[in-house]
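Quick caveat, the model's predicted, so the values are computed rather than measured. Ligands are counted one by one from 1 in listed order, and the atoms in each one are counted from 1 as well. Atom set for the values below is all heavy atoms of this structure, side chains included, hydrogens, waters and symmetry mates excluded.
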Amino acid sequence: MRKITRRKFNTTLVKGLGGSALTAHMPLACAMGSKQDKKKLGIALVGLGSYSTYQLAPALLDTQHCYLAGIVTGSPDKEKIWGSKYNIPEGNIYNYDNFDAIKDNKEIDVVYVVLPNSMHADFSIRAAKAGKHVICEKPMAMNVEECDAIIKACSENNVKLGIGYRLHSEPYTQEVKRFVREKTFGNVRYISADAGYYSGSNPEQWRLNKKLSGGGALMNMGVYAIQSVIYGTGENPISVSAQEFSTRPEYFKGTDETITAQFEFKSGVVGTIMTSHNISANRLHAKCERGWFELDPASTYIPLAGRTSKGELNFKQESQQKLQMDDFAKHVLFDAPNLVPGEMGKRDMMIVEAIYKSISEGGKKQALSFESNFGFGG
Ligand code: NAD
């Protein structure tokens, strides 16, 4: 009873805040803090940028199986603002230098790495060595080698690892996976997926700095399109060929602007993706033996929308991040399936590397092979 009341209270407060920027003068102290239900896992967010601020932290006020227990930040001013807003005890606030001391903190069960891509491996590995379960944001790392190092560290330290692929917990995406699994429209014959947005205001941002991002549109948005063609077919691809397009080289100085890629699948399905930092697009479309299905948008936060040759899809809209973090917590607490294992993040990085290789070789086809389908197309 007490739990239900607290959750309702938190939800009301979040709605009231309306996703506005964090300010110190509206503490949620009475609702949150160290006296959490012991059954809930304590999550520490590492990196308090826009995704943590506007999506993850608000979602953690409404999760059933985990809560915001700690923060790791390089900005002393954020320590005060977040500490006050979310009633985080001083002992659960870390910076990048003293982060490793988190190993002695019993209130932190999970470390969620929400930093620029170049920092994912370092903090995921340090978290695993501290004995904490890890959620690592997408793209998993800068390259396959780093993915392997993260997987190894988590395995050696006996902690769970999940990637921040929120869509696997989301009902429209789950419905697509059901269509494929149950062959609702027969076999898929052609799948296409687009994921991109127009970037125009800040060429200095870390996403356009190869040292921090590892690559441009493909690393940032392309992984969504890659994921779409895989769960939209239920298969890993067996080859990829790719092309790069550049129309604004003065803005995209060191990272890819637009990439297209074509996939072959063992069953004969043909797949294609487009990813861009220059074109707004967010869509998954599959042509099947007896009809079609589509999500558009397919990977924004809220709301997704979908339709099929039989009609509109209509699912309850909920925070995808809330569903995702609760699914990971259920994996840790109750041994529920891990919907987004580290191996899935590594598979996608293998595909990313093959796409970049194909482009560097003038579009030459690259063979792909994977050990697992990760529980039905990821
Ligand atoms: P952001 O730029 O808003 O925040 C980045 C954070 O990292 C900031 O707090 C910044 O202070 C900190 N930081 C530390 N060292 C830095 C450095 N050298 N340069 C820049 N920032 C530095 O980014 P974001 O949108 O919060 O993205 C963070 C991660 O989350 C990325 O890996 C991104 O791909 C991922 N992300 C995932 C989703 C999703 O839907 N799963 C959505 C957005 C972002």
In ligand 1, the atoms that come under 4.0 Å of a heavy atom of His120 are 32 (O)
Parallel under 30°, tilted from 30 to 60°, perpendicular over 60°: which one fits the rings of [X] and [Y]?
X	Y	value
Tyr51	Tyr301	tilted
Tyr96	Phe123	perpendicular
Phe185	Phe179	perpendicular

[X] N/O to ligand 1 N/O under 3.5 Å:
X	answer
Gln321	no
Val114	no
Tyr301	no
Ser75	no

Please confirm whether Met219 comes under 4.0 Å of ligand 1, counting heavy atoms of the residue only.
no
| query | So is Met119 in contact with ligand 1, going by heavy-atom distances below 4.0 Å? | reply | yes
Checking heavy atoms under 4.0 Å, the part of Lys211 that sits near ligand 1 is neither
Is there side-chain contact between Thr184 and Lys310, with heavy atoms separated by less than 4.5 Å? yes
Name the option, out of [options], that contains the heavy atom nearest to [atom].
atom	options	result
atom 2 (O) of ligand 1	Tyr51, Trp206, Tyr165, Tyr96	Trp206
atom 7 (O) of ligand 1	Pro116, Gly214, Gly47	Pro116
atom 33 (C) of ligand 1	Gln320, Lys138, Gln205	Lys138

Taken in chain and number order and not counting sequence neighbours, the residues that satisfy ring-ring contact (aromatic ring centres under 6.0 Å, His included) with His133 are none
Correct closest heavy-atom pair for Lys210 and Thr255 would be N-CG2, 3.9 Å
Lys330 and His65 have their tightest heavy-atom pair at CG-CD2, 3.7 Å
### Message
As a test of the contact definition, would atom 43 (C) of ligand 1 count as having a protein heavy-atom neighbour under 4.0 Å?
### Response
yes
Item to check | Tyr224 versus Asn282, side-chain donor and acceptor atoms under 3.5 Å | outcome: no
